[in-house]
Protein chains: 2
Amino acid sequence: MSSRQSSAGSRLGRRNDPERREKIIDACQKVIVESGVTGTSHRKVATQAGVPLGAMTYYFDGMQDLLHSTFSRFATSISDDFERHMATATDKESACERVFERILQASSGDDDELILSHELYTLATRDASFRSITTQWMQRSRVALELHFDPLTARLLDAMIEGLTIHRALDSEAREPSEIKTAIARITKDSREGSLST
Amino acid sequence: MSSRQSSAGSRLGRRNDPERREKIIDACQKVIVESGVTGTSHRKVATQAGVPLGAMTYYFDGMQDLLHSTFSRFATSISDDFERHMATATDKESACERVFERILQASSGDDDELILSHELYTLATRDASFRSITTQWMQRSRVALELHFDPLTARLLDAMIEGLTIHRALDSEAREPSEIKTAIARITKDSREGSLST
DNA sequence: GACATTTGAGTACACTCGTACATATACTTT
DNA sequence: AAAGTATATGTACGAGTGTACTCAAATGTC
């Protein structure tokens, strides 16, 4: 088969087993949850995935590529869920209810999602290629919210979701779910008059 | 001087030069900003601080202690600033103005504060001793806000600050400062009626 | 069945790392 | 001045790292 271009170096020969690649990403995600990006190594991931060490550099072009693939899949999956979740709302009221459920679930505590988000944000603050993952994620969140809210409100809601999730997760004492409802109510209430003077 | 207790092991003999300890923490903070916690090592910090490698284990009981000291000082410093900042407000209106300034400054971009916050949050999600730093930080933020707002509004404002700061910093396109004003206005507007049913 | 080529595995190398520990220096007290 | 002690440094060790590169196995082709 000489028709297959085997241009030297970066673009390696066709990799055959996508299941295996996926399994490595699964393992990588698990290792990150357990040990953080800091504690993630090819060897740990290989062991977790049950594949030989050599497979790491075979399926991925190094550590950066592995992490990028992992977080990319993670963010996409969250976005998919959120889009589906918001699409089930029929009016503004039920949309608020969906947002409420989302915050409650995300801040519930022992969820891997929170850990992975923070690890990703940390990478994103320093590295542009990871920042493009978060940017796209935020973009999709807003679009999902704009199904039911005006663009400004959607942005503010999105930020509110973020802040409440983080603070509820890192807080020492448990908070009433009702505070989430209050937050949503205040943000989504159209205030035609800007009461904040300058 | 036999009166000085030199109980074995963890509590080492009195360390003499607090300036040097402080200088190491300065260096550590700088290294974290540049390379992340992941890329922080005793050797890098020592080089940055201009001290010999041995000083690392002399002034700190290992890496964890160094990181903890660094983030502890960081969070305390931020809290001090924020307290002072909020204390200059005289009424609710000027308090809102202070919050606005705070968000604008924190999300301005090339600030180390953002990077360090994320690194700290990431550690806090996994390690309780770092979580106590963030918990205390949040606690002090709220108290500062409660000088001018009721407790619930203070909590929501605090979360809003967090969310807006993160999203504005990670966003690809610049946002109007006016959106911050709108957010603050909506959160701080007393809504006696909860418009969200259920 | 023999050959060619893709696909995968094992291993070795050249690092960097945290930390313990044996010295060295500076200071205090006699 | 001598002795003793607190303070600080240089260094060496064992462990763990990413990745390149050499083989082996499997697959497809004639």
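Quick note: numbers below take in every heavy atom, side chains included, and nothing from hydrogens, waters or symmetry partners. Below, chains carry the letters A, B, ... as their sequence lines are ordered, and counting in each starts from 1.
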Euclidean distance, atom [atom1] of residue [X] to atom [atom2] of [N] [Å, nearest integer]:
X       : N      : atom1 : atom2 : answer
B:Asp65 : C:dG18 : CG    : P     : 14 Å
B:Leu66 : C:dC17 : CG    : P     : 14 Å
B:Phe60 : D:dA8  : CZ    : P     : 13 Å
B:Leu53 : C:dT19 : CG    : P     : 10 Å
B:Leu67 : C:dC17 : CG    : P     : 14 Å
A:Tyr58 : D:dT22 : OH    : P     : 17 Å
A:Ile24 : C:dG8  : CD1   : C1'   : 11 Å
B:Met56 : C:dA20 : CE    : C1'   : 16 Å

If you only use heavy atoms from C-beta on, which nucleotide in [options] is closest to the side chain of [X]?
X       : options                : answer
B:His42 : D:dT17, D:dT9, C:dG18  : C:dG18
A:Thr57 : D:dT9, C:dT19, D:dT19  : D:dT19
A:Arg43 : D:dA12, C:dA12, C:dC17 : C:dA12
B:Met63 : C:dG18, D:dT9, C:dA9   : C:dG18
B:Arg20 : D:dA8, D:dA12, C:dC17  : D:dA8
A:Ala55 : C:dG18, D:dT9, C:dA9   : C:dA9

Handout entry: Pairwise side-chain contact, A:Trp137 with A:Phe82, heavy-atom cut-off 4.5 Å (strictly under)
Key =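 Counting from C-beta outward, A:Trp137 and A:Phe82 never come under 4.5 Å.
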Do [Y] and [X] meet the salt-bridge criterion of a basic N to acidic O distance under 4.0 Å?
X        : Y        : result
A:Asp80  : A:Arg73  : no
A:Lys181 : A:Glu97  : yes
B:Glu113 : B:Arg102 : yes
A:Arg155 : B:Asp171 : no

Problem - Phosphate contact (C:dC17 OP1 or OP2) by B:Ser41 side-chain N/O below 4.0 Å - result: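 Yes, such a contact exists.
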Practice task
Output yes when at least one side-chain N/O atom of A:Tyr59 is less than 4.0 Å from OP1 or OP2 of C:dG8, else no.
Solution key: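 So the side chain of A:Tyr59 is within the cut-off, an N or O lying under 4.0 Å from OP1 or OP2 of C:dG8.
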